[in-house]
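Below is one structure, written out as structure tokens; comments come after it.
Below, read A as the first sequence line, B as the second, and so on, with proteins coming before strands; counting in each chain starts at 1. Predicted model, so just to flag it, every value in this text is computed and none were measured.
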Number of protein chains: 2
Amino acid sequence: MAQKNILQYVLLGLLKNESLSGYDIKKAFEKDIGEFWQANHSQIYPQLKKLNERALIDKKIVIAGEKLEKKVYFITHKGLQSLNEWLISPTPELSINKNEFHLKLYFVSDKDDSILPIMLQEQIHLHKTKLMNLKERRDILFENQKNRENNYGHYLVLDYAIQREEHHIAWLNHHYH
Amino acid sequence: MAQKNILQYVLLGLLKNESLSGYDIKKAFEKDIGEFWQANHSQIYPQLKKLNERALIDKKIVIAGEKLEKKVYFITHKGLQSLNEWLISPTPELSINKNEFHLKLYFVSDKDDSILPIMLQEQIHLHKTKLMNLKERRDILFENQKNRENNYGHYLVLDYAIQREEHHIAWLNHHYH
DNA sequence: CGGAACATGTAAAGTGTTACATGATTCA
DNA sequence: TGAATCATGTAACACTTTACATGTTCCG
């Protein structure tokens, strides 16, 4: 879906509590955020520039090592306002869900098609791996109750992802056996 | 994600069992297919044209009423081959999941933020409505066992969507109360 | 000292949405 | 006869990915 530039709010949200470089943000997309939003560095860097120009974020140059100039961004008052407006706005759209596996499944009409178990098995393997990774992340991030309370939303979405994967695997197994 | 033109396979898949016009296909996206893939008519018509040029589908002109020319497409042998190659190919990518609600949730750090129950309630309502629609569709399409066996993949994905919504609602309720 | 990771950008091509455009048919 | 739906298309814009491009730092 071509959104109303949701990426900008992701960047603002990530900068809400800490200063980050474009590279740090790119890393965030590869981990937690990647669970429900994706973006490459080729989108991130230009968007940070735009947000900077619109004064929603500001930056300071940090020298790493001998001469490497890191641009470390932080949110401005204006940016914080913009973020909050988005946060309190309704979210009437259901998630965008494009699922190539379900698409293929849809086109298998025969209950006894020999490809069905192969397809299911592949997905079971994929989702088991994913579940393991998610659980590992939860254990590292939220082993103690305190982190959970200070990053409640993060805990919630990770918890959701884990339950989703568990249910998905159960469903796949149910139709596989 | 910029896919490797998955849309073409959706069109081929839909044309596998019956001849359809671009408009028919557009309608299919608004119903069943829309659950796991989306496309507008502005993508569909040009893609049908391309598939026709590549001889993966063919068309016949049908006059509706007095002079309305409908283009009714059907799959060719070549198209069927292409579809089958796609169907048996691995599906190593997990689904694309962009979820604005989870994104917002992620940025709510305080467990007692007053916005949390409002956000959850909105989602509960949305997903309950969706669940109702899905169940209605299942009841209409698969009330009898026969349809289920002749359109097994379709039944599977609808069943999955229903279970997914039920679990989602349970999860939302669990954190709402 | 070499490879992996850090760090930042732009360009080109592909995908997707919204808007523009037009006309026919059906049904009340 | 007018409104909703059927029916087909293009244009402009927005978003996303992949490729191109370059240089630094860290660590073994």
Side-chain angles (χ1 to χ4, degrees), chain A residues 1-11 19-31 33-34 36-53 57 59-73 92-100 103, chain B residues 1-11 19-31 33-34 36-53 57 59-73 92-100 103:
Chain A
M1 209 176 281
Q3 280 80 21
K4 324 127 286 175
N5 196 355
I6 286 182
L7 179 59
Q8 66 179 323
Y9 299 114
V10 185
L11 303 186
S19 300
L20 296 167
S21 68
Y23 192 80
D24 294 332
I25 289 171
K26 164 180 129 56
K27 288 278 134 189
F29 273 102
E30 286 165 13
K31 299 212 290 183
I33 290 281
F36 36 89
W37 210 266
Q38 296 83 42
N40 300 311
H41 78 275
S42 58
Q43 273 184 288
I44 294 164
Y45 288 117
Q47 189 59 239
L48 283 169
K49 205 175 175 182
K50 278 179 203 162
L51 286 171
N52 195 182
E53 283 162 5
I57 61 177
K59 69 167 184 283
K60 57 175 182 290
I61 307 293
V62 174
I63 305 293
E66 201 63 20
K67 54 177 171 176
L68 209 188
E69 293 193 349
K70 280 179 62 172
K71 295 181 182 175
V72 179
Y73 292 94
E93 295 306 322
L94 266 3
S95 66
I96 302 146
N97 225 335
K98 295 204 164 185
N99 191 313
E100 190 176 349
L103 210 47
Chain B
M1 207 177 285
Q3 281 77 23
K4 324 126 287 172
N5 196 353
I6 287 182
L7 179 59
Q8 65 178 322
Y9 299 114
V10 184
L11 303 186
S19 300
L20 296 167
S21 69
Y23 193 80
D24 295 331
I25 289 172
K26 164 180 131 54
K27 288 279 135 188
F29 273 102
E30 286 165 13
K31 300 212 290 181
I33 290 281
F36 37 88
W37 209 267
Q38 296 83 43
N40 299 311
H41 78 274
S42 58
Q43 273 184 286
I44 294 164
Y45 288 117
Q47 189 60 239
L48 283 169
K49 205 175 175 182
K50 280 179 203 163
L51 286 172
N52 194 182
E53 283 163 5
I57 61 176
K59 68 166 184 282
K60 57 174 182 285
I61 307 293
V62 174
I63 304 294
E66 201 61 21
K67 54 177 170 175
L68 209 189
E69 293 193 350
K70 283 177 62 172
K71 294 179 182 175
V72 178
Y73 292 94
E93 294 306 320
L94 265 4
S95 66
I96 301 147
N97 225 334
K98 295 205 164 185
N99 191 313
E100 190 176 351
L103 211 48

**OP:** Please state how far atom NZ in B:K4 lies from atom P in D:dT18, giving the value in whole angstrom units.
**Re:** 10 Å

**OP:** Measure from CD on B:E69 to C1' on C:dT25 and round the result to the nearest Å.
**Re:** 15 Å

**OP:** Quick one: pull up CG in B:N97 and NZ in A:K98 and give me the separation to the nearest 0.5 Å.
**Re:** 13.0 Å

Original post:
Taking for each residue the nucleotide of DNA chain C with the nearest heavy atom, is it A:Q43 or A:A64 whose nucleotide lies nearer the 5' end?
Top reply: A:A64

Original post:
When you check the phosphate oxygens OP1 and OP2 of C:dT17, does a side-chain N or O of B:N40 lie under 4.0 Å from one of them?
Top reply: yes

Subject >> Residue pair A:K70 / A:I61, side-chain heavy-atom distance below 4.5 Å >> reply: no

**OP:** Could you tell me whether a side-chain N or O of B:N52 sits under 3.5 Å from a main-chain N or O of B:I57, the two making a donor and an acceptor?
**Re:** yes

Original post:
Under 4.0 Å between a side-chain N or O of A:K49 and OP1 or OP2 of C:dT8?
Top reply: no

Original post:
Would you say B:Y23 reaches D:dT8's phosphate, i.e. side-chain N/O to OP1/OP2 under 4.0 Å?
Top reply: no

**OP:** May I ask you to say what B:K26 touches in the nucleic acid, namely base, sugar-phosphate or nothing, with a heavy-atom cut-off under 4.0 Å?
**Re:** nothing

Original post:
Among C:dA24, C:dG9, D:dC15, which nucleotide sits nearest the side chain of A:N5?
Top reply: D:dC15

Original post:
Starting at the 5' end of DNA chain D and moving along, which residue's nearest nucleotide shows up first, A:L7 or A:H41?
Top reply: A:L7

Original post:
How close or far is atom P of C:dA7 from atom CG of A:D24, stated in whole angstroms?
Top reply: 6 Å

**OP:** Could you tell me the separation between the NZ atom of B:K27 and the C1' atom of D:dT5, rounded to a whole number of Å?
**Re:** 7 Å

**OP:** For salt bridge (charged side-chain N to carboxylate O under 4.0 Å, His left out), just list the numbers for A:E30 and A:K27, CA-CA rounded to whole Å, side-chain angles, deciding distance to a tenth of an Å, and then say yes or no.
**Re:** CA-CA 5 Å; A:E30 286 165 13; A:K27 288 278 134 189; 3.4 Å; yes

Original post:
Any chance NZ of B:K49 has more than 12 other-residue heavy atoms, nucleotides or ligands included, within less than 6.0 Å?
Top reply: no

Subject >> Residue closer to the 5' end of DNA chain D, A:S42 versus B:K70 (nearest nucleotide) >> reply: B:K70

Original post:
Atom CD of A:Q47 and atom P of C:dT8: how far apart are they, to the nearest Å?
Top reply: 16 Å

Original post:
Roughly, in whole Å, what's the span from NZ in B:K50 to P in D:dT8?
Top reply: 18 Å

**OP:** In whole angstrom, give the distance that lies between atom NZ of B:K71 and atom P of C:dG23.
**Re:** 16 Å

Original post:
Does the side chain of B:Y45 get closer than 4.0 angstrom to OP1 or OP2 of D:dT8 through an N or O atom?
Top reply: yes

Subject >> Distance, rounded to the nearest Å, where A:K60 contributes NZ and C:dA7 contributes P >> reply: 14 Å

